[in-house]
Every structure is written in structure tokens, then in C-alpha cells.
Amino acid sequence: MAKYAFRAAESKWQKRWDDEGCFAADQDPSKPKYYVLEMFPYPSGKIHIGHVRNYAMGDVIARFKRAQGFDVLHPMGWDAFGLPAENAARDNGGHPRDWTYGNIEVMRGQLKRMGLAIDWSREFATCDPEYYVHQQRMFLEFWKKGFVERRESLVNWDPVEMTVLANEQVIDGKGWRSGAPVERKSMSTWFFKITERAEDLLAALDDGRLAGWPEHVKEMQRNWIGRSEGLKMAFPLKGDDLPEGIDDLPIYTTRPDTLYGASFLGVAPDHPLAKHFADKDPAVADFVAECQALGTSEADIEKAEKRGIALPVTGRHPFTNEELPVYIANFILMQYGTGAIFACPAHDQRDLDFARKYGLAVKPVIAPREGHETDLKAGDFKSCDTDDGRTVAYTGPGTMVHSGPFDGMPTDEALPAAIAKIEELGQGAGTTNYRLRDWGLTRQRYWGCPVPVVLCEQCGAVPVPEDQLPVQLPDIGPEEFKTPGNPLDRACADEWRNCTCPQCGGPAVRDTDTMDTFVDSSWYFARFASQPDDKPVDTAQADAWLPVQQYIGGIEHAILHLLYARYFMRNMKECGYTDVDEPFTNLFTQGMVTHATFKDAEGNWLFPEQVELKGNTATAIDGNAPVSIGAIEKMSKSKKNVVSPEKIADAYGADAARFFMLSDSPPERDVEWTESGVEGAWRFANRVYEAVAKGEGLLAASAPMPDNLSEDLLALRKATHKTIDGVTGDIENFRFNKAIARLYEFLGALKGVKTEGDAAPVAAEAFRTLTQLTAPFMPHLAEECWELLGGEGLCCNAAWPKADEALLEDDVITMPIQVNGKRRGEIKVAPDLPKDEVEAAALADADVARFLADKTIRKVIVVPGRIVNVVAG
RNA sequence: GCGGAUGUGGCGGAAUUGGUAGACGCGCCAGAUUUAGGUUCUGGUGUCUUACGGCGUGGAGGUUCGAGUCCUCUCAUCCGCACCA
């Protein structure tokens with residue numbers, strides 16, 4: 001029997017699809033449109049197996065929707081700007097542009113080998129000037145409309161490399177290459193005022209606009225935006241050495257109810273007050289410098305031990321007139337609220353840690369439990385005792401104590417009362433605050449979209465005129481990438497940088513910042529839908545496709561990318577480019593691909609292909625040296641636990657690789673790549689091919705379905721239609737692993753099927769179904785089978801099968817019978833048998849009767865079509 | 001530190017959403033076919049027990065006729081934390 005020759009088949013069908021333009025979008029205006037998109041790849045060098053998983057998922061949806069009669073848009077492009085290209089140029093020479101486009105060339109070829117149903121005519125890279133010219137245009141438009149603003153922000157500064165560092169380049173407070181302690185430095189950059197849209201970005205999470213998003217992603221975004229109702233108020237300051245014009249300290253708090261428990265005030269190390277005293281006192285300056293060496297990463301700042309230093313100033317409590325000490329504290333974030341707080345150690349854990357360390361007062365003002373009030377004296381800490389004897393800050397609700405007029409109030413009443421009192425005193429007001437910060441959109445790097453702005457000493461920041469766009473990156477020599485700092489900001493780029501001011505005609509320089517790559521990825525999906533030369537999108541064309549109906553990508557993008565894209569769409573809408581505000585109707589976040597790690601006796605990492613696996617033991621492929629098997633981890637080049645999709649495609653075929661990536665785990669979860677797993681997929685392909693080969697030409701013969709089928713043939717028809725029903729539902733719900741399990745089961749049911757006489761049309765239906773249901777997962781195999789069966793045209797163009805409802809019903813079902821919750825027997829009954837008859841049948845069952853012999857029946861619970869439980873004692 | 005998720009046989013997972021725990025695949029065991037096989041096919045495979053049966057969904061409690069599923073506490077792992085993409 002002929003084996004499935006996947007190598008020949010894959011190139012043959014890819015060519016056919018290509019020649020016939022099968023996957024071009026906008027083919028038939030009469031069809032409903034469906035836009036499916038996977039997050040576009042960064043061209044890092046080669047496709048890895050995680051890409052295969054991501055794009056295989058999108059491809060299943062694209063092919064499935066196409067078969068269901070949709071006009072499908074399924075495009076591909078490249079998120080091509082970014083830091084790795086500059087690092088590669090630095091380490092290996094060359095130019096970031098050449099490295100990037102070279103990688104794209106390679107990766108495009110690798111993706112095409114996977115046989116994806118992609119409309120390649122729409123491909124672009126974000127580093128194409130034809131793309132980023134529109135981004136520059138929109139930037140200027142947003143600026144004009146006030147969505148963008150230039151202001152100061154803090155960055156990680158490497159004093160040796162003279163460069164801004166990304167958080168990931170800061171290791172233990174030191175630059176990753178220089179090893180020099182990092183400083184926090186303030187510089188002037190551009191911001192998108194995303195906080196102005198915080199309210200709507202938040203509202204859309206709950207008003208049904210994002211009904212097709214996973215709840216946990218929405219929850220993450222809600223928490224990220226972090227809307228809080230609180231109080232902004234000022235503590236009058238007292239001290240000999242106050243900065244000029246500063247006589248109070250504005251703070252923000254979400255717990256005004258605990259104001260009577262205030263024991264000190266705190267400011268961030270970057271706070272103006274901290275800066276003021278650092279200039280006067282070297283000890284303060286040292287402390288501030290130490291805090292700043294932590295870098296800008298929020299995680300690092302909040303994980304650090306709580307530390308601080310007192311300032312020679314006090315703040316007066318508005319209620320008690322007590323003078324509270326003021327500290328610089330390393331856990332206070334300048335970006336949140338006003339960068340200053342009042343601390344109530346009894347009811348905030350961080351404040352408590354700090355107060356303990358510096359011997360500050362702890363004043364409980366909330367009694368957690370009823371009757372507990374009398375235990376509490378001011379200064380006592382009993383309110384916070386835990387069962388195991390530790391004392392922790394009590395952050396829950398309770399009754400106010402030691403709080404003047406608020407005594408006896410529940411906390412939720414004391415909170416507005418405290419705000420009202422502060423407002424009455426004219427020392428502050430209730431406000432809404434967001435954790436979300438404005439989006440600093442520029443980077444001090446070469447390989448990004450230039451900011452189309454000229455900086456003139458006379459006129460300030462001036463937009464580059466429309467007819468001079470795009471501002472393209474200057475061509476500079478490869479040696480420039482080996483020099484520390486931003487090449488755009490150096491003499492090598494002078495010819496580009498020096499220019500005349502478009503406004504006054506005087507000498508000026510270009511802004512040397514480039515845009516964050518998140519800007520590039522915030523609207524690429526719109527450009528896929530419509531690509532006019534003279535504007536970002538044609539509104540009618542773009543809105544015909546948008547929003548993306550199914551977006552697929554990694555959970556690591558749950559917040560930033562997805563929030564930025566939502567924000568950017570709103571800006572585009574206000575500029576009239578689209579009527580859409582939410583870019584992604586349905587979102588699916590897929591898991592990562594993991595792989596076991598291997599090390600030789602010397603502790604060197606080994607690639608999987610250097611290792612021979614036999615059961616649970618591993619040896620080196622060259623010479624039988626023992627190999628230790630390590631943890632199963634996310635694939636990474638450094639640990640060498642990577643597999644090459646190309647080698648997999650060579651050995652087992654693209655279909656097997658795609659199929660295995662979807663078969664083993666639910667798609668939102670991580671999946672472990674195993675050689676045996678892909679072998680199983682390959683075996684399945686061969687078994688399908690061999691099964692279908694028995695039905696050669698059956699579709700072309702097209703005998704009519706007889707009316708009265710034998711029991712066996714009817715059972716096969718039922719299996720066929722149940723499989724159609726199940727697989728269709730599974731694909732719609734992203735349960736690819738279950739769809740594939742059903743295909744395995746169905747293949748098992750086809751064993752020994754006859755193809756003559758009455759059986760011919762039944763077998764034809766079964767084989768046709770198997771082929772079509774397999775097609776989204778193994779499209780090349782499906783075409784090969786389709787041809788073998790004599791199907792009309794291409795399998796990918798055939799309409800998706802429909803299940804016949806009448807064939808989904810069972811005449812007899814098996815019901816388990818429990819006695820006291822334990823399964824003791826089963827009965828076979830008609831699904832619609834009345835309850836009392838089911839009960840009678842259950843009690844009559846011999847196995848059940850045995851367990852009831854010495855018991856009295858108390859109750860019988862019959863769940864129709866499900867189960868019977870007899871309660872007896 | 002904060003926020004989000006995950007945890008079921010030797011392994012990946014399934015369980016109609018409170019109703020037979022372990023579908024399907026991998027691995028393993030046995031048998032058959034083959035000149036040979038790390039091929040293909042057939043059967044078996046949670047665990048303890050000779051059996052009757054007991055026990056089993058990270059751990060500890062709880063609700064219920066019935067819990068992998070709901071509630072409380074807890075442990076472990078993973079993702080994000082704003083200049084990596």
C-alpha cells in the first residue's frame with residue numbers, strides 16, 4: 001500500500017494554493033468577512049516552534065472560517081524595529097537594517113513551508129518607510145490634537161556606556177555590559193496621554209465591548225489601570241530649610257479613614273523635597289543615590305528592604321495639629337499619586353515594616369472585631385495580632401477608635417467623612433486616581449521610527465512638515481553601532497541631525513529619539529486591512545475588516561501591547577481614520593512551548609539532537625556519555641532546549657509539526673515538545689492516508705444514500721455526524737486538543753469499513769468527513785486525501801460539513817446507579833424514560849440490590865439522562 | 001512586594017460545567033505479522049488487595065444525596081510589573 005509521501009505533497013499543494021490565490025482576502029463581496037490575526041513575529045533570526053504553535057492556531061481558524069463561507073483576512077508581517085538588531089550590529093558588525101531584513105527573508109521562507117493560509121500580498125515590516133511614514137503622520141496629528149506631550153521622565157542611565165538602559169539590561173542595579181551602578185536620570189521625552197482615556201479603557205472592559213476576551217486578561221487590565229477613589233490633601237510643613245515657595249506637602253491616600261493613625265509622612269527618593277535636601281546634606285544625597293541605583297523597575301523597588309532617612313522638616317496633622325516627621329522612603333513611587341504619602345503603620349504593612357525599623361509610633365485606629373475596642377489603647381498593637389502570635393498590619397474593615405469625631409463609625413462611613421472634613425478645612429479634596437501612567441513613547445536608540453520633530457532654540461519643538469515625511473533613519477557606518485550611546489545623537493549623524501527650523505528658518509536639530517516598538521504594533525492590524533500610499537488607512541476599507549474578530553497571541557502581552565493598541569485605536573478614531581474603538585473582538589492567549597533541558601557530565605547544556613533518549617535515561621549521541629535530564633522549561637537559546645521547525649518538517653512534515661503542536665495540550669496552556677509526540681502525529685497522518693486510500697474514487701462515484709441502512713452502517717453514519725458536530729464545536733471554542741482526540745476516535749471507528757454496495761455512500765461520507773475535519777490541522781494531507789477520493793476541486797475550497805441532527809440522538813443510554821454516592825451498577829434505558837420507571841429499573845438491578853439488602857432506602861435521586869443515587873442506611 | 005494564572009495515572013491531558021474520574025495520545029507490558037526492525041497490527045495498563053472491596057484529582061478543613069468541579073485556609077510552579085518583544 002502506498003505511503004503518504006509528505007515531502008512531495010507539501011510542496012505540491014503549497015504551489016497549487018499559491019497559483020490559485022486561494023488565501024487572498026477581498027475575493028467575494030457577497031461573503032461575510034472574518035479577520036483572524038496572530039500577533040506578528042519579531043524577526044529574531046529563525047522561526048521557533050512557539051511560532052509554529054501560534055500560527056497553526058490562527059491557521060486552523062482561518063481555514064475553518066473559510067470553509068464555513070467567510071471571506072477571510074489572515075495576513076502576516078514583521079514587528080521589525082527593536083533593540084536586538086542594534087545588539088546584533090554591536091556584537092557581530094553589520095547594520096541593524098541588513099540583519100533585520102535578512103532575518104525576515106529566512107523566516108518568511110520557514111513560515112511558508114508550514115503551509116499557512118496567509119494572504120502574503122499584504123505583508124510588510126514596521127521598519128519599511130512605507131509603513132512608518134504613516135506612523136509619523138499620526139504622531140503629528142495626535143500632537144496637534146493634544147494626545148501627545150513632551151515632558152520629563154526618569155530613565156535608567158549607565159554612566160559608563162553613556163546610554164539609557166532597559167529594565168532588563170539592569171542586573172542587580174548594574175548595567176549588564178559595563179557593570180557600573182545604574183543611575184536614575186531625568187530626561188525630556190514624549191508621552192501619549194493614555195491616562196486621559198483611562199476611564200473609557202476601563203469602561204469597555206465591563207460594558208460588553210470586550211465580551212470576547214478572557215476574564216483574567218480583563219482583570220489584569222483593570223488592575224493595571226487601577227482606578228482608585230481617594231483623597232488628595234496637603235500637610236503644612238515646618239522647618240528651617242524649606243525650598244522656596246513650598247510650604248506644604250501634597251499627598252494622595254486611598255485610606256483617609258486612617259488619618260488619625262498617621263505617624264509619619266513619606267516622600268519618594270525622586271520627590272522635589274528629597275532633591276532639595278540632598279543638595280544640602282551629603283547623607284541624604286547618598287541615600288537618594290542608593291535608592292536610585294535600584295533602577296526604575298517597580299518590582300525591584302517594591303521587593304527591596306524598606307529603608308528611609310529623616311528630613312529636617314515636619315508636617316502638621318490637620319486634625320490633631322501633631323507635628324509628624326517626614327522621611328524619604330525607598331518604597332514610595334514618584335509616579336503614583338503625588339509621590340508622597342502619610343503613613344499609618346497599624347493599617348498598612350509597608351508602613352508598619354518601616355515604622356518598626358525606625359522606631360516610629362504605631363497607632364491602631366480600626367478595631368477589627370466587635371468588642372475589641374476596649375482592648376485598644378492608643379499605641380497598643382493588639383488590633384493586629386494574628387493567631388500565630390505575629391503582629392501584622394490590619395487592613396480590613398472594622399470600627400473606628402481613637403479617631404476623634406469618627407469613633408464608633410464603620411470604616412466605610414469614616415472614609416467619606418474624613419474626606420468631607422479635609423474639604424471643609426480647605427486642605428484637600430476627594431479625587432480619582434489611576435495607577436496607570438502616561439505612555440512614554442520614545443527611546444534613545446537608533447533602530448526605531450524617528451520622531452518627526454525638529455528642536456529649535458527659538459521655537460522649541462516644531463513638527464516636520466508633511467511634505468518632508470518620512471523622516472528616514474540616516475545611513476551610518478557599521479562601526480557606529482560598536483560605540484556606546486545613541487548613534488543618532490552623535491557626530492556621525494550630524495548631516496541628518498542638523499537642519500533648519502521649518503518655522504523660523506534658523507538652525508535647529510532633529511529630535512534624536514525614536515519610537516517605542518509598542519507604537520509600531522499598536523496599529524499594524526489596521527494597516528493589514530487597508531494600505532493606501534497617502535494615508536495610514538482608507539477608512540471604508542479598514543472598517544470593512546476591523547475590528548479583528550479573532551486575535552491570538554501570548555499571555556505576556558495581556559497588559560502592555562493590548563492596552564496600547566486599544567488606546568491607539570481610540571486616537572485613530574478621533575482623527576477619523578476608523579469608526580472602531582476596540583481593535584480586537586475576541587482574544588485568545590496561547591501557552592508557551594517547553595522542552596526538557598540536557599546537560600553533560602561537565603555541566604554544559606546540550607541540544608536535543610545531541611542526546612539519545614531511552615525511556616527515562618539519556619546518553620550523548622556521540623559516544624554514550626551519560627547525560628542528565630533537567631527541568632522542562634520555556635525554550636531558550638541559552639539552555640539549548642530548542643528544536644528547529646525546519647528539521648521537524650524535514651523528518652515528519654509540516655502537517656505533523658502543526659498537528660502535534662495542537663494535539664497534546666489545551667492551547668492556552670504550555671505544551672512540552674517531545675520527539676515521541678511528533679512521531680505520533682506523523683503516524684496519524686499515515687493512518688489517515690492508508691484508511692482513505694481504501695475509498696479511492698468514492699467521491700467521484702457519488703452513489704445515493706440508501707434509506708434503510710443496516711445497524712452497522714447506521715452506527716458509522718452516527719459516528720460520522722457526531723464527529724462533525726463535536727469537532728466543529730471544539731474548533732469554535734479553541735479546544736483543538738479535543739477536536740484531535742475525536743479525529744483519533746473516528747479513525748478508530750473506520751477500521752474494517754466496507755466500500756461496496758450500500759456501504760459505498762456511507763464510507764464515502766465517512767472518508768470525506770475525516771478528510772475535511774482533518775484539513776485545518778493537516779492541510780496538505782487533506783488535499784492529498786481529497787484528490788485520492790476524487791473530491792471536486794481543492795479540499796480547502798470545499799464547504800465545511802454539517803451534522804444531521806437526527807443522527808446525533810441515541811436510542812439507548814447507560815445510566816450509572818450509585819448507592820450512597822458510590823457507583824454500584826448500571827442500567828440501559830431509553831433517554832426519555834420517566835423518572836419512576838428509571839427508579840424502578842435501578843432498584844431492580846441485581847448489583848444494586850446486593851448493596852441494599854440490609855439497608856432501608858431513604859431517598860432516591862434520579863437525574864434524567866445522567867445518574868441515579870440511592871440514599872440508604 | 002503587587003496583579004493574574006496553573007496543579008488530575010509513569011507523562012500530556014479528558015470529564016457534557018455539581019452527576020460513571022482517567023476519553024484521546026505518549027510511554028510501558030503481552031501477543032501476532034515481518035528476512036530484519038526503534039515497522040505495522042491486536043490486547044492490556046490509576047493504585048492497594050488472592051478475592052469481596054478499599055483508596056484516589058498539590059495539602060488541610062467545609063457545604064452537598066453526590067465535589068476534580070462550590071467555599072475557607074495553605075503549599076508549589078509559571079506569567080506581567082511600564083525602556084525586551
Side-chain angles (χ1 to χ4, degrees), chain A residues 39 41-42 44 79 81-84 87 153 155-156 164-170 189 214-217 219-224 226 296-304 306 331 335 349-350 353 435-445 516-518 521 554-561 563-564 589 591-592 594 614-616 631-634 660 663-666 668-672 674-677 679-681 683-684 686-687 690 735 737-738 740-745 748 751 814-818 820-823 825-826 858-861 863 865-872:
Chain A
M39 290 178 186
Y42 178 77
S44 56
D79 189 13
F81 275 132
L83 193 51
N87 291 338
S153 78
V155 294
N156 299 307
V164 177
L165 296 178
N167 280 334
E168 70 157 18
Q169 297 172 320
V170 180
T189 58
E215 193 46 52
H216 68 269
V217 173
E219 185 63 15
M220 281 192 256
Q221 293 216 346
R222 254 176 235 126
N223 290 330
W224 185 260
T296 59
S297 155
E298 200 167 298
D300 288 342
I301 292 170
E302 297 209 353
K303 261 189 286 192
K306 307 286 167 284
F331 62 91
Q335 304 96 329
Q349 191 59 44
R350 289 175 302 182
D353 293 344
R435 211 188 70 93
L436 180 69
R437 309 201 292 254
D438 279 336
W439 170 15
L441 78 105
T442 61
R443 305 288 179 260
Q444 295 67 44
R445 306 202 197 292
D516 179 6
T517 57
F518 274 126
S521 57
I555 185 68
E556 66 273 19
H557 294 294
I559 295 173
L560 293 179
H561 162 60
L563 191 63
Y564 290 155
T589 57
M592 292 177 309
T594 62
K614 188 87 178 168
N616 286 331
I632 295 157
E633 292 184 56
K634 175 180 180 172
F660 171 57
S663 69
D664 239 28
S665 286
E668 68 278 12
R669 216 162 319 157
D670 288 356
V671 64
E672 186 195 349
T674 59
E675 199 75 7
S676 52
E679 273 173 27
R683 249 193 317 265
F684 175 80
N686 282 304
R687 284 173 61 201
E690 280 162 24
R735 293 185 299 224
N737 54 326
K738 283 179 69 185
I740 285 172
R742 281 184 216 275
L743 292 175
Y744 271 105
E745 257 177 305
K751 212 170 283 173
T814 305
M815 280 180 85
I817 316 299
Q818 295 181 330
N820 293 331
K822 289 202 161 56
R823 185 182 185 278
E826 62 180 42
R858 298 230 173 88
K859 198 155 118 189
V860 179
I861 293 151
V863 184
R866 275 290 135 73
I867 201 166
V868 180
N869 190 14
V870 184
V871 186

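To find a chain, count down the sequence lines: A is the first, B the second, and so on, and within it residues start at 1. Predicted, not measured: the structure shown is a model, and the values here were computed from it.
- Residues meeting the ring pair (Phe, Tyr, Trp, His ring centres under 6.0 Å) test with A:Tyr42, sequence neighbours left out: none.
- Nucleotide B:rG18: unpaired (no Watson-Crick or G-U wobble partner with both distances less than 3.5 Å).
- On the C1' atoms, B:rA23 is 36 Å away from B:rA36, given to the nearest whole Å.
- To the nearest whole angstrom, the two C1' atoms, one in B:rA5 and one in B:rC52, are 45 Å apart.
- The partner of B:rC24 is B:rG12, by the rule that a Watson-Crick or G-U pair needs both atom distances under 3.5 Å.
- Using C1' as the reference atom, B:rG13 and B:rU50 are 34 Å apart when rounded to the nearest Å.
- The interatomic distance linking A:Glu215 (CD) with B:rU17 (C1') rounds to 17 Å, in whole Å.
- With sequence neighbours left out, the ring pair (Phe, Tyr, Trp, His ring centres under 6.0 Å) criterion links A:Trp224 to no other residue.
- OP1 and OP2 of B:rU16 both lie 4.0 Å or more from every side-chain N or O belonging to A:Lys738.
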Considering only nitrogen or oxygen atoms on both sides, find all protein atoms under 3.5 Å from nucleotides 45-49 of chain B and state each distance.
none

Pairs under 3.5 angstrom, nitrogen or oxygen only, protein versus nucleotides 51-54 of chain B, please.
from: B:rG53; atom 1: OP1; to: A:Arg850; atom 2: NH1; distance (Å): 3.4
from: B:rG53; atom 1: OP1; to: A:Arg850; atom 2: NH2; distance (Å): 3.0
from: B:rG54; atom 1: OP1; to: A:Arg824; atom 2: NH2; distance (Å): 3.0
from: B:rG54; atom 1: OP2; to: A:Arg824; atom 2: NH1; distance (Å): 3.2

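- Residue-level contact check: A:Pro666 touches the backbone only, with heavy atoms under 4.0 Å from sugar-phosphate atoms and none from bases.
- One C1' atom belongs to B:rG18, the other to B:rU69, and the distance between them is 7 Å to the nearest Å.
- Comparing the P positions of B:rC29 and B:rU39 gives an interatomic distance of 13 Å, to the nearest angstrom.
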| task | Go through A:Glu690 and A:Arg683 one step at a time and tell me if the salt bridge (charged side-chain N to carboxylate O under 4.0 Å, His left out) criterion holds. | result | CA-CA 11 Å; A:Glu690 280 162 24; A:Arg683 249 193 317 265; over 6 Å; no
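- Here the separation of B:rU72 from B:rG43, taken at their P atoms, is 47 Å to the nearest Å.
- In this view, A:Arg435 and A:Glu298 satisfy the salt bridge (Lys or Arg N to Asp or Glu O under 4.0 Å) rule, not counting sequence neighbours.
- Pair assignment for B:rU63 gives none, since no Watson-Crick or G-U wobble pairing has each distance under 3.5 Å.
- The glycosidic torsion of B:rG56 lies more than 90° away from 0, which places this base in the anti conformation.
- Nucleotides B:rC24 and B:rG44 are separated by 11 Å at their P atoms, to the nearest Å.
- With hydrogens and angles ignored, a donor-acceptor pair under 3.5 angstrom links the side chain of A:Gln444 to the base of B:rC83.
- For the residue pair A:Thr296/A:Asn167, the side-chain donor-acceptor check at 3.5 Å is satisfied.
- Residues passing the side-chain hydrogen bond (donor to acceptor under 3.5 Å, both in side chains) test with A:Glu745, sequence neighbours excluded: none.
- Applying the Watson-Crick and G-U wobble criteria (two distances, each under 3.5 Å), B:rU42 pairs with B:rA30.
- With a cut-off of 3.5 Å on both pairing distances, the Watson-Crick or G-U wobble partner of B:rA5 is B:rU77.
- When distances are taken from the side chain of A:Ser676 to each of B:rG27, B:rC84, B:rA23, the shortest belongs to B:rG27.
- The side-chain contact (heavy atoms from CB on, under 4.5 Å) test applied to A:Val155 returns A:Ser153, A:Val164, A:Lys185, A:Met187, not counting sequence neighbours.
- Between the CZ atom of A:Phe684 and the P atom of B:rG25 there is a distance of 10 Å, given to the nearest Å.
- Residue side chain A:Arg866 does not reach the base of B:rU20 through any donor-acceptor N/O pair under 3.5 Å, judged by distance alone.
- For B:rU49, the base is anti relative to its sugar; the glycosidic angle deviates from 0 by more than 90°.
- Taking side-chain N and O atoms only, A:Arg350 has no distance below 4.0 Å to OP1 or OP2 of B:rC2.
- Regarding contacts with the backbone of B:rG4, a side-chain N or O of A:Asn223 is found under 4.0 angstrom from either OP1 or OP2.
- Look at A:Arg443 and you'll find a side-chain N or O under 4.0 angstrom from OP1 or OP2 of B:rC83.
- Atom name C1', nucleotides B:rC26 and B:rG9: the rounded distance is 13 Å, in whole Å.
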| request: Using a 4.0 Å cut-off on protein heavy atoms (strictly under), produce a 5'-to-3' string for nucleotides 61-75 of chain B with B for base contact, S for backbone-only sugar-phosphate contact, and - for none. | output: ----BS---------
Identify the pairs formed between an N or O of the protein and an N or O of nucleotides 6-8 of chain B at a distance under 3.5 Å, and give each distance.
from: B:rG7; atom 1: OP1; to: A:Arg669; atom 2: NH2; distance (Å): 3.4

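- The salt bridge (Lys or Arg N to Asp or Glu O under 4.0 Å) check on A:Asp79 picks up nothing, with sequence neighbours excluded.
- Shown here are the salt bridge (Lys or Arg N to Asp or Glu O under 4.0 Å) partners of A:Asp664, two or more places apart in sequence or in another chain: there are none.
- For A:Lys306 and B:rG1, the shortest distance from a side-chain N or O to OP1 or OP2 is not below 4.0 Å.
- In this structure A:Phe660 satisfies the ring pair (Phe, Tyr, Trp, His ring centres under 6.0 Å) test together with A:Trp673, sequence neighbours excluded.
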